[in-house]
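Keep in mind that what you see is a predicted model, and the values were worked out from it rather than measured.
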Amino acid sequence: MLAGKRLLISGLVDERSIAYAVARRAQLDGAEIVLTTLPRDRPAAEQAATTLPTLPEIFDLDATSVDHHDELAERIGNEWGELDGALHAIAFAPRDALGGDFLAARPEGLSLAFQTSAVSLAHMARLVRRLAPSSGAGLIGLDFDAARAWPVYNWMGVCKAALESTMRYLARDLGPELVRVNLVAAGPLRTRAAGGIADFEQLLSAWEKGSPLPWDPDDTAAVADPIAFLLSDNARAISGQIIHVDGGYSAMAAPLVRPGSLGAGAGAGDAETET
């Protein structure tokens, strides 16, 4: 599905990263890739990269820096000439913004969270537009449903709402240049980023009660597969969309009643009627 594509995949940390699953799927589908990571994560990222089907090049990237994106665009342009798509798998919020008292988060941390988690999508869009071939390109970001307030997500939920709005404006402005911009809203996954969310198990518990499909928080490949589709030519007419890959959780209005979970009273009443 991605044969001959040249893709930038950002945000690699380790083998649990969604970026790693996308990199693996992209290579298996025939794409050539480059990866980005933070300098502090480079040792783990390099180790993870050795387990991919083909060892790709890894660049350092500060997602909040326009200059870093411009330098990366120049390096990719010199090596490949064109870029067919990119994955924006970047987000950050300080711990005091990811749980506890919503109003206690420090403003300076919130500013960095907003720049890293939302504004950086626009920086990457500039890179993709600069290198996109005449046939078009795709930019995919990672989301977590921002339509509702979650029990532990706090300011990252606000950042994701900003990310969703940013995606729509980018889709508006880049569509005439055949650059597609979409988001994939995944259910909770046990990535390293999830380790920074206080009481992350609360989110997993919600999925156990509310997802009609079984949800495996360790299956990042389930998210990588639709991302690969969105980066392919098969998605050439899709832009400005949020694709939910969450087991159906976002479509449900209330916790599900599982078979056999009805109260004892209802069961007793049925038995008396049959007797």
Side-chain angles (χ1 to χ4, degrees), residues 2 5-13 17-20 22-23 26 31-39 41 45 56-93 112-133 136-144 156 159-175 177-186 193 223-224 227-228 230-232 235 238-243:
L2 295 173
K5 298 293 186 184
R6 290 173 167 174
L7 305 174
L8 167 65
I9 299 173
S10 69
L12 179 68
V13 177
S17 303
I18 296 174
Y20 175 86
V22 174
E32 189 175 358
I33 68 171
V34 293
L35 305 172
T36 77
T37 189
L38 283 171
D41 294 327
E57 192 167 4
I58 305 176
F59 297 116
D60 293 336
L61 177 65
D62 175 359
T64 66
S65 170
V66 174
D67 289 342
H68 268 223
H69 282 88
D70 287 345
E71 291 169 9
L72 181 58
E74 185 172 353
R75 295 179 72 175
I76 294 174
N78 289 337
E79 184 171 336
W80 284 345
E82 295 178 332
L83 184 70
D84 297 294
L87 172 69
H88 178 277
I90 298 168
F92 168 80
L112 179 59
F114 177 74
Q115 291 291 327
T116 307
S117 306
V119 178
S120 63
L121 182 69
H123 298 337
M124 191 164 289
R126 290 177 66 249
L127 181 156
V128 172
R129 179 175 65 176
R130 175 174 169 180
L131 298 175
L139 173 60
I140 313 300
L142 295 182
D143 191 18
F144 190 78
M156 183 53 78
C159 289
K160 291 300 187 185
L163 179 74
E164 292 179 359
S165 185
T166 301
M167 176 272 295
R168 295 185 187 99
Y169 282 98
L170 291 172
R172 180 198 69 183
D173 287 357
L174 298 183
E177 301 173 46
L178 302 185
V179 175
R180 312 178 310 276
V181 189
N182 296 288
L183 298 179
V184 169
V223 180
I227 290 174
L230 289 171
L231 288 169
S232 77
I238 301 175
S239 193
Q241 303 303 309
I242 301 172
I243 308 300

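Closest non-hydrogen pair, V179 versus A132, comes out as CG2-CB, 4.1 Å.
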Enumerate donor-acceptor pairs with a distance under 3.5 Å from any side-chain N or O in residues 120-131 to protein atoms, sequence neighbours excluded.
from	atom 1	to	atom 2	distance (Å)
S120	OG	H88	NE2	2.7
S120	OG	T116	O	2.5
R126	NH1	D70	OD1	3.3

For D62 and T64, what are the C-alpha separation, side-chain angles and deciding distance, and is it a side-chain hydrogen bond (donor to acceptor under 3.5 Å, both in side chains)?
CA-CA 6 Å; D62 175 359; T64 66; 2.8 Å; yes

What do the steps show when you test L183 against I243 for side-chain contact (heavy atoms from CB on, under 4.5 Å), and what is the final call?
CA-CA 6 Å; L183 298 179; I243 308 300; over 6 Å; no

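Residues that satisfy the side-chain contact (heavy atoms from CB on, under 4.5 Å) test with D60, not counting sequence neighbours, are T37, P39, R42.
Inter-residue side-chain proximity for V181 and I140 is flagged as unmet; no heavy-atom pair is nearer than 4.5 Å. Between I242 and N182, the closest side-chain pair of non-hydrogen atoms is not below 4.5 Å. Looking only at side-chain heavy atoms (C-beta outward), K160 and S117 stay at 4.5 Å or farther from each other. Contact check for L72 versus L8: side-chain heavy atoms found under the 4.5 Å cut-off. Side-chain contact between I227 and L87: present, with at least one pair of heavy atoms (C-beta onward) separated by less than 4.5 Å. Contact annotation: the side chain of W80 approaches that of E32 to within less than 4.5 Å [non-hydrogen atoms, C-beta and beyond].
Here L61 contributes atom CG and H69 contributes atom NE2; the two are 4.5 Å apart, rounded to the nearest 0.5 Å.
When atom types are taken as modelled, the side chain of R180 and the backbone of L230 share a donor-acceptor pair closer than 3.5 angstrom. Here the side chain of D84 pairs a donor or acceptor atom with the backbone of R6 at under 3.5 angstrom.
Within a 6.0 Å sphere centred on CD of E177, other residues, nucleotides and ligands contribute more than 12 heavy atoms.
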